[in-house]
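First the structure, in the form of structure tokens, and then the observations on it.
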There are 2 protein chains.
Amino acid sequence: MTDRFIPPGFDVMKFAAVDVRQAASAADIVYEALRKAIIEGDLAEGENLRQDQIAQMFNISRIPVREALSRLEQHGLITTQRYKGAVVAGLSVEEIEEIFEFRALIEAEVIRLAVPNLDRQTLEKARRYCDAFDRETDPHRLGEINRNFHYSLYEASRRPYYLQNVRSSLDRIDRYLRAQLTFTNGVPRAGREHEAILAACEQGDAELASRLTRDHILDAGRSLMTFLREQRG
Amino acid sequence: MTDRFIPPGFDVMKFAAVDVRQAASAADIVYEALRKAIIEGDLAEGENLRQDQIAQMFNISRIPVREALSRLEQHGLITTQRYKGAVVAGLSVEEIEEIFEFRALIEAEVIRLAVPNLDRQTLEKARRYCDAFDRETDPHRLGEINRNFHYSLYEASRRPYYLQNVRSSLDRIDRYLRAQLTFTNGVPRAGREHEAILAACEQGDAELASRLTRDHILDAGRSLMTFLREQRG
DNA sequence: CATAGAAAAATTGGATCCAATATACAATCG
DNA sequence: CGATTGTATATTGGATCCAATTTTTCTATG
């Protein structure tokens, strides 16, 4: 493998560490890179994604780029029109509200299923993420730590299909959450809510953890709505 | 458009009716055809999907076939291994159980959200599907009518993201449901449960409709489990 | 100068060809 | 005779080229 797959700002080694069993295809690499760029908000909504331009960034042909774009479309991160190309998907306020509603439903269920399976090690890991969240200021890392905190608990549910849907729905709205964290200061509140969720988990109270998770997501959704409404006018 | 895109058993017009705004690409057509074949059980789990073979069936090159396969993999309908090819995904009993649990959760919520929006026209349409289900004997058409019955009610929820997830999760297990309907006779029971759900909707009782939908899905899941356990040994 | 229409450029969708890898099978060695 | 290695074949991943379509630019005309 030469350096031809390494565009500026993409950490190949990080990806390789995720899946050592088999080398990633070019399409995999492009997919992961674009997904990351979209959910972190580095690619603004509505931005054109030209196949040729992306191919040149990675020093590959358009074939794997098209495959990556096709996958991104399936996940709702971009929209494409025949012969016109792909743009980063923009979500209406109604669509964002619906996704928060959906997340509240399934993540509340996932945490309920997870609590009985939580062991000390997992709780300690979650505690570290929870503390790190309070100390962090960089919005990208905040988003990452937020994910890790919730996922570390959710994984104990042993429900891979649920988790896949959690990830997919969070992917769609993550950039809006991060934008909000950058401009407003919702971090202290989110931190307190994380603290309460973790406490409920430590006490083995599945119903409480579930209710708090639900409220945590709906709170974040509501404050994002007010932020977006004034931002969009 | 010549007839070169029409393999035996694929209804192009049905697809065209779905999206008249723009002609379907070859990849779209292959994707829909394979999706249909998998969810209806015409392609058995574990079956190899050779790119070249599929391309010849449609008289196209392998490029759009690969795009279709990539999309199918994103939806969990096939699994692929680099340089080894794709096979129709098989689900373990645990995976099937998890998907039924997931469906029960979100479909119960969807029907709860739908009930307040149901109008007479929609209820009449659902009634027709409900009656047609009882009279039908062909398992493929039963599967189709079952979908239509539930969807006709769900659509009133006005939650496109929920509905997308309903469809995606049902896609994964539909072939097992249809196999069960073919071999056992769960139709009368399912018919009675549809009747009860529809009655609750007609009375505007969202909570009851939600509870009945949840039970309907969990019942179907349980009876499928016992069927699969004895079938698989 | 504004605008309709045509030509040119840009862009995507698809076909064909080549490279990389896996599988099947025969030849070889213990 | 069984295991192993080498070779041929099959199959997938990717590059390059061509066709279809859209977008842009240029030009003629009022």
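Numbered from 1 within each chain, the chains take letters A, B, ... in sequence-line order.
The interatomic distance linking B:Q53 (CD) with D:dA10 (C1') rounds to 13 Å, in whole Å. The distance from atom CG of B:D52 to atom C1' of D:dT9 is 14 Å, rounded to the nearest whole Å. One interatomic measurement links the two molecules: CD1 of B:I54 to P of D:dT11, which rounds to 12 Å at whole-angstrom precision. With rounding to whole Å, B:Y83 atom OH is found 5 Å from C:dT21 atom P. The CD-P distance, from A:Q81 to D:dA20, rounds to 21 Å in whole Å. A:I63 places its CD1 atom 15 Å from the P atom of C:dC17, with the value rounded to the nearest Å.
Both B:S61 and A:A86 lie near DNA chain C, and the one whose nearest nucleotide falls closer to the 5' end is A:A86. For the pair B:L49 and A:P64, nearest-nucleotide mapping onto DNA chain D gives the more 5' position to B:L49.
Contact annotation: side chain of A:R66 to base of C:dG14, donor-acceptor pair present below 3.5 Å. For a distance-only test at 3.5 Å, the side chain of A:R62 qualifies as a donor-acceptor partner of the base of C:dG13.
Separation of the A:F133 and A:F149 ring centroids does not fall under the 6.0 Å cut-off. If you look at A:H216 and A:H150, their ring centroids are closer than 6.0 Å.
Taking 4.0 angstrom as the limit, A:Q51 places a side-chain polar atom (N or O) nearer than this to OP1 or OP2 of C:dG13. Within the structure, every side-chain polar atom (N or O) of B:K84 is placed at least 4.0 Å from both OP1 and OP2 of D:dT12.
B:L77 pairs in a side chain to side chain contact (heavy atoms under 4.5 Å, CB included) with only one of the listed residues (B:V88, B:L34, B:L69, B:I38), which is B:I38.
When side chains are defined from C-beta on, B:F58 does not count as touching B:V65, because their heavy atoms never get closer than 4.5 Å.
You'll find that the side chain of A:R50 is closest to C:dT11, out of D:dG13, C:dT11, D:dA15.
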